[in-house]
Amino acid sequence: MGQLILCRTPRAQVPYYIESGQVNIYSLEELMYYVQSARFVTRDDFMNAAFIDWVEQELKLPELAVLLRAKLDGESGLKDFFLPLEAANGYLTTSELQILNVQLQKYDHMSGLEAKKLYADQFMHQRQYVRAIHAYRRLLNDPEVIRKQGHVAGDIWSNLGCAYARLQDFAEAVDCFSRGYLLNHRIETLQEAVDAACLSEKPQLLERLSERFAANAPQITAERTHMEQLLAQTRAAGADTFQGQQLLQWMNEYRSRCEG
């Protein structure tokens, strides 16, 4: 059952679309609910003329729009920008506002790269894997990521591999994890590559992985053995367990798409 939000301020006829969250909002109450519950809020979603025009024209709050425009002219961050919005409605309690302001201030102190990565990560949390893939790929082309490379780019490749694995595209996942490991040198990333190769049930993926990382043969063998044992146990459990049903269905659907 959904939560009922009582709106005390005007309700817009035309909603404001929040790009990062892929949601429409019709009131200040819905805005505050979204910002409070979102994993991440971007400046670009709100600190712009389009949002302020929406407040003025759709919510019929010209005085609030004037206050918000003044915030765009100075050095204001998200926390300062949202203060007039918070004051204009009483949706959140005092303690909730304090928590929200701490969170908004945290976003303001993030580097541009940290904010962009968190923006991409939120799609994974929302299970919007295709959007996550596009966001991570854009991030990999970011000049700052290209300049830094190392573990930063490696971790992004690893996250990209997770997104492909969730879509059961294990061949792409193996490639992403492999690229990630070459940059971040985290053994967990290499283990994820082995896991994806095992889930694909394509021997050539494991063979290429073993050839590419011959120096890591012990780790690859150990993870392959662990994963194959896990898969064997899952198959043996079969329809007797919910997890067994889910994993077997996942693997069968992936193989069917590949064969098709």
Side-chain angles (χ1 to χ4, degrees), residues 1-128 131-132 134-136 138-139 141-145:
M1 184 175 179
Q3 180 176 346
L4 177 65
I5 299 177
L6 179 62
C7 296
R8 296 186 178 87
T9 55
R11 188 176 189 276
Q13 292 297 315
V14 177
Y16 181 75
Y17 181 67
I18 301 175
E19 175 67 27
S20 65
Q22 285 192 298
V23 296
N24 287 317
I25 58 170
Y26 288 84
S27 67
L28 289 185
E29 285 79 9
E30 288 182 343
L31 169 65
M32 299 311 297
Y33 172 78
Y34 169 79
V35 174
Q36 180 195 30
S37 58
R39 290 180 178 272
F40 178 57
V41 175
T42 70
R43 293 170 60 94
D44 291 343
D45 277 331
F46 303 106
M47 297 185 69
N48 58 68
F51 173 72
I52 298 174
D53 289 345
W54 177 79
V55 170
E56 181 176 27
Q57 298 166 16
E58 292 297 326
L59 296 185
K60 312 300 182 186
L61 297 171
E63 293 180 358
L64 177 58
V66 170
L67 294 174
L68 294 176
R69 286 196 181 95
K71 299 292 183 181
L72 293 184
D73 296 334
E75 299 293 326
S76 300
L78 271 169
K79 177 178 176 292
D80 291 331
F81 183 80
F82 267 87
L83 288 176
L85 292 165
E86 294 169 0
N89 74 95
Y91 174 69
L92 299 180
T93 65
T94 301
S95 60
E96 288 173 335
L97 284 174
Q98 290 173 343
I99 294 172
L100 175 61
N101 286 331
V102 169
Q103 193 67 20
L104 291 173
Q105 194 167 28
K106 174 185 173 183
Y107 298 148
D108 283 331
H109 288 106
M110 283 183 175
S111 68
L113 183 57
E114 288 174 326
K116 290 174 184 177
K117 184 176 181 301
L118 194 54
Y119 172 78
D121 289 343
Q122 75 170 346
F123 293 127
M124 288 293 290
H125 292 302
Q126 295 168 355
R127 299 184 180 181
Q128 299 179 34
R131 295 201 73 187
H134 291 317
Y136 286 132
R138 284 197 301 271
L139 199 51
N141 290 322
D142 186 278
E144 188 175 359
V145 174

Practice problem: Could you please spell out the steps behind the ring-ring contact (aromatic ring centres under 6.0 Å, His included) verdict for Tyr136 and Phe123? | Solution: CA-CA 10 Å; Tyr136 286 132; Phe123 293 127; 8.7 Å; no

Quiz item: If you measure from CG on Leu104 to CD1 on Ile99, what distance do you get to the nearest 0.5 Å?
Solution: 12.0 Å

Practice problem: Under the salt bridge (Lys or Arg N to Asp or Glu O under 4.0 Å) rule, collect the residues that match up with Glu19, sequence neighbours excluded. | Solution: Arg131

Quiz item: Which atom pair, heavy atoms only, marks the closest approach of Pro84 to Lys71?
Solution: CG-CE, 4.0 Å

Quiz prompt | From CG (Leu72) to CZ (Phe81), nearest 0.5 Å | solution = 5.5 Å

Quiz prompt | Set of residues satisfying ring pair (Phe, Tyr, Trp, His ring centres under 6.0 Å) with respect to Tyr16, sequence neighbours excluded | solution = Phe51, Trp54

Quiz item: Got a sec, which pairs hit salt bridge (Lys or Arg N to Asp or Glu O under 4.0 Å) with one end in residues 80-104, sequence neighbours left out?
Solution: none

Practice problem: Take Glu29 and Tyr33, measure what side chain to side chain donor-acceptor pair (under 3.5 Å) needs, and give me the verdict at the end. | Solution: CA-CA 6 Å; Glu29 285 79 9; Tyr33 172 78; over 6 Å; no

Self-check item: Pairwise distance CD1(Ile18) to CG(Asp45) - rounded to 0.5 angstrom
Solution: 6.5 Å

Quiz item: Taking atom CE of Met32 and atom CG of Leu100, what is their separation to the nearest 0.5 Å?
Solution: 5.0 Å

Quiz item: What heavy-atom pair brings Asn89 and Leu85 nearest, and what distance separates the two atoms?
Solution: ND2-O, 2.8 Å

Quiz item: So how far is it from Gln128 CD to His134 NE2, rounded to the nearest 0.5 Å?
Solution: 11.5 Å

Quiz item: Distance from Gln98 atom CD to Thr94 atom OG1, nearest 0.5 Å?
Solution: 6.5 Å

Practice problem: Please assess Leu59 against Leu64 for the test side-chain contact (heavy atoms from CB on, under 4.5 Å), listing each intermediate value before the final yes or no. | Solution: CA-CA 10 Å; Leu59 296 185; Leu64 177 58; 5.9 Å; no

Quiz item: Can you list the residues that meet the salt bridge (Lys or Arg N to Asp or Glu O under 4.0 Å) rule with Asp53, with sequence neighbours excluded?
Solution: Arg69

Exercise. State which residues pass salt bridge (Lys or Arg N to Asp or Glu O under 4.0 Å) with Lys117; sequence neighbours excluded, sorted by chain then number.
Key: Asp121

Quiz item: Would Tyr34 and Glu30 count as having a side-chain donor-acceptor pair, cut-off 3.5 Å?
Solution: no

Exercise. Just jot down the salt bridge (Lys or Arg N to Asp or Glu O under 4.0 Å) partners of Arg138, sequence neighbours excluded, or say none.
Key: none

